[in-house]
Protein chains: 2
Amino acid sequence: MARSTSIRDVAAEAGVSITTVSHALSGKGTVSARTRLRVEQAVERLGYAPNPIARAMRTDRRAVLGFVSEEIASTPYAGKIIVGAQAEAAAHDHVLMIVDIAAGAFDDPRIDALIQRQVDAVVFASASNRVIRLPRSLDPARTVLLDAFDPAAPVPSVVPDEQDIAATAVRALLDAGHRRIAHLTVEGAGPAVTGRVEGYERTLVAAGGTPVVVRAGGEVADAAAGHRAATELFGPVSPGAADRHDAERPTAVFAFNDQMAMGVYQVAEERGMRIGRDLSVVGIDDLQLVAAALRPGLTTVALPHEQMGRAAVRRALEQTGALPAPQAPRAGVERLRGELVVRDSIGSATVTRS
Amino acid sequence: MARSTSIRDVAAEAGVSITTVSHALSGKGTVSARTRLRVEQAVERLGYAPNPIARAMRTDRRAVLGFVSEEIASTPYAGKIIVGAQAEAAAHDHVLMIVDIAAGAFDDPRIDALIQRQVDAVVFASASNRVIRLPRSLDPARTVLLDAFDPAAPVPSVVPDEQDIAATAVRALLDAGHRRIAHLTVEGAGPAVTGRVEGYERTLVAAGGTPVVVRAGGEVADAAAGHRAATELFGPVSPGAADRHDAERPTAVFAFNDQMAMGVYQVAEERGMRIGRDLSVVGIDDLQLVAAALRPGLTTVALPHEQMGRAAVRRALEQTGALPAPQAPRAGVERLRGELVVRDSIGSATVTRS
DNA sequence: CTGAAAGCGCTTACAG
DNA sequence: CTGAAAGCGCTTACAG
């Protein structure tokens with residue numbers, strides 16, 4: 001921020017030309033060992049650091065990546081994605097410039113006006129995994145999609161592996177001996193809803209179970225949706241329901257996400273079912289505020305948010321040439337797996353049935 | 001990102017010099033109406049936009065603000081703060097450059113290396129309202145503190161008005177007729193804990209109540225802390241506790257935040273107390289994931305996160321001169337008030353007692 | 001191995 | 001009212 005020493009000062013201090021200073025510092029030209037040392041000492045004495053603006057002016061490289069986020073405020077995961085993106089960028093001497101747009105406001109002029117020419121490439125992060133159309137102001141050769149996919153544009157895309165993540169959740173239930181496992185989800189045909197349903201069905205069927213999918217009305221997957229879906233799943237409250245040993249009743253629920261799982265907890269409490277004993281539950285997200293706060297703690301599959309941020313930045317850096325392009329060109333879509341976080345919401349099916 | 005038209009192209013197209021183009025566009029020199037029109041038309045035809053890098057090079061103004069956030073991932077509010085900061089910056093043709101540092105890592109070299117000379121000023125956002133020491137690499141004349149305060153540095157600071165926010169929460173309870181109101185909080189002497197306790201005591205005493213403050217061990221104000229504090233408040237579970245009409249028992253609880261309030265809900269459930277009837281609760285934060293998801297919905301005081309982001313950026317812009325300095329120099333610390341968000345966790349004291 | 005010079009795209013005194 | 005020129009701090013052919 002303060003006016004500081006320029007390459008000219010260093011040249012004077014070292015008694016060489018600015019060309020030589022530049023060569024010595026960049027390692028691009030050839031410089032004798034003695035000269036290099038003199039330059040380095042001068043840099044040290046003066047506390048010189050190159051002016052990135054001037055460098056950008058000359059090289060047309062900003063060492064800046066744009067990060068367009070959709071409704072960062074509404075997505076509690078955004079933080080981790082940004083941290084990952086940020087860290088990966090920093091590891092390669094890049095910095096992140098953030099523009100937050102309203103949900104769906106892909107034509108926000110700021111994408112054009114502010115990002116344009118200030119950044120080398122753009123990571124466009126959707127608020128949730130879904131299919132979108134790339135904003136026209138973004139150059140496909142300089143953009144990567146995060147948590148989104150555009151079938152019509154040749155843009156690299158980084159998304160969670162929804163099917164595998166669902167399979168991980170279901171397997172946690174299967175491993176505890178459950179077979180009557182219901183899946184609670186919402187309406188909609190986006191990759192998250194669809195992928196999880198498919199992963200659930202495939203994994204459960206392979207284990208000899210019969211899929212039961214309950215969709216709460218609407219597309220918002222929050223606690224209220226979980227409450228609605230669970231209420232539907234268990235049917236009307238009947239006296240002594242908690243004591244009834246219904247052979248048909250699911251012993252376990254795989255919720256679309258942790259928020260819906262929270263709704264399941266609420267229904268269980270209303271009906272006197274104890275989570276982890278009378279009913280096992282698994283979610284997706286590992287939302288700290290929910291998963292760790294619930295009692296008992298919710299076992300869930302953590303989405304690889306930080307990894308996604310990192311991967312997206314890596315691909316953007318490949319586009320700009322700051323990172324070498326992979327030898328074997330990767331597929332357009334990179335799918336990342338999640339990880340099971342074990343807490344106390346899954347009990348063994350044997351105990352559950354007793 | 002694409003190589004685009006320069007001021008030279010516009011000059012050629014309009015048949016004038018680049019100086020004249022610059023004057024016409026900036027409004028700085030004097031230009032005839034006809035010439036200005038010709039320039040504007042040329043700009044239009046060519047789709048010209050000035051290169052911000054080149055401008056920065058000349059003027060030593062980047063139109064970029066640094067936003068250093070501490071552990072953005074761990075704070076669910078950070079999103080809103082950034083959205084506010086972002087919007088205010090955009091309103092003044094500035095852009096935000098974000099660097100996320102680990103908690104307490106104020107000496108992170110990236111603050112120095114990346115922010116330095118790339119930004120006009122820095123907003124330094126703490127993860128929670130507390131007293132800190134300004135990182136040495138930051139120029140006090142070009143820095144504003146957000147959710148933090150440094151008594152030793154002459155730096156503008158934007159923080160929530162903790163006392164007023166606590167008063168708002170307590171008043172919501174008083175207005176419903178409650179007088180036996182306990183405050184659940186944590187250990188620690190930071191501005192948030194201290195300010196809320198003071199606001200609570202002052203407001204309650206003024207209304208004729210007697211303060212009861214229960215501190216959960218530790219400084220982490222999460223659901224588990226709320227559970228511990230509420231358990232201590234209500235004492236050991238006794239048979240028929242829900243039916244016992246204890247004249248001493250608080251009819252309402254003011255929790256340090258929504259997460260602790262969640263712990264109160266859990267204790268209430270364990271003891272058969274219904275929130276909003278047997279016990280009224282108010283929190284602070286308006287965390288969507290918690291406040292809106294709880295049943296019944298949690299009445300809480302929303303912190304002015306977006307406003308804080310905006311205010312901090314405004315002050316930073318005043319420092320750089322992009323915004324005129326206020327006539328009457330403001331106090332070093334700007335305190336922002338919160339707003340009550342009414343849901344269903346507060347019942348009237350009359351009903352509660354019945 | 002070293003350096004003089006051009007140029008990236010602007011803005012800003014200064015002269016006409 | 002208009003424009004030629006200098007210069008912001010670098011990098012990069014090119015020449016010596």
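Pairing analysis of DNA chain C (Watson-Crick: purine N1 to pyrimidine N3 plus N6-O4 or O6-N4; G-U wobble: N1-O2 and O6-N3; both under 3.5 Å) yields stems of 3 or more pairs at C:1-3 with D:14-16, C:5-12 with D:5-12, C:14-16 with D:1-3.
Surrounding CD of B:Glu44 are at most 12 heavy atoms belonging to other residues, nucleotides or ligands under 6.0 Å away. The number of heavy atoms from other shown groups lying within 6.0 Å of CZ (B:Arg45) is above 12.
In terms of phosphate contacts, B:Lys28 brings a side-chain nitrogen or oxygen within less than 4.0 Å of OP1 or OP2 of C:dT12. Checking the phosphate oxygens (OP1, OP2) of D:dA4, no side-chain nitrogen or oxygen of B:Thr19 falls inside 4.0 Å. When the side-chain nitrogen and oxygen atoms of B:Arg55 are compared with OP1 and OP2 of C:dT11, one or more of them lie within a distance under 4.0 Å. B:Ser32 has a side-chain polar atom (N or O) that falls below the 4.0 Å cut-off from OP1 or OP2 of D:dT2.
With hydrogens and angles ignored, no donor-acceptor pair closer than 3.5 Å exists between the side chain of B:Ser17 and the base of D:dA4.
Shown are B:Arg315, B:Arg310, B:Arg335; of these, the side chain to side chain contact (heavy atoms under 4.5 Å, CB included) with B:Val158 is made only by B:Arg315.
In this structure, CG of A:Asn51 is placed 5 Å from P of D:dC10, rounded to the nearest angstrom. Across the protein-nucleic acid pair, A:Arg58 atom CZ and C:dG9 atom C1' stand 12 Å apart, rounded to whole Å. Atom CG in B:Asp9 sits about 13 Å away from atom C1' in C:dC10, given to the nearest Å. Atom CZ in B:Arg38 sits roughly 14 Å away from atom C1' in D:dG3 (whole-Å rounding). What separates CD1 of A:Ile7 from C1' of C:dA4 is a distance of 14 Å, to the nearest Å. Spacing between atom CE of B:Met57 and atom P of D:dC10 amounts to 7 Å, rounded to whole angstrom units.
With DNA chain D read from its 5' end, the first of the two nearest nucleotides for B:Val31 and B:Ala54 is the one closest to B:Val31.
With hydrogens and angles ignored, the 3.5 Å screen pairs no side-chain donor or acceptor of A:Thr35 with any backbone N or O of A:Val31.
Of the inter-residue distances, the one linking B:Asp120 atom CG with B:Gln319 atom CD reads 11.0 Å to the nearest 0.5 angstrom.
At a threshold of 4.0 angstrom between heavy atoms, the contacts of B:Thr30 include nucleobase atoms, whether or not backbone atoms are also involved. The residue A:Thr35 sits close only to the backbone: its heavy atoms come under 4.0 Å of sugar-phosphate atoms, none of a base. Nucleic acid contact class of A:Thr59 (heavy atoms, under 4.0 Å, all strands): sugar-phosphate only.
The aromatic ring centroids of A:Phe124 and A:Phe67 lie 6.0 Å or more from each other.
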Next item on the list: Let me see the working for B:Ser126 and B:Asp147 under side-chain hydrogen bond (donor to acceptor under 3.5 Å, both in side chains), right down to the final yes or no.
Entry: CA-CA 6 Å; B:Ser126 157; B:Asp147 220 1; 5.5 Å; no

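Out of D:dT12, D:dG9, C:dC10, the shortest distance to the side chain of A:His23 is found at D:dT12.
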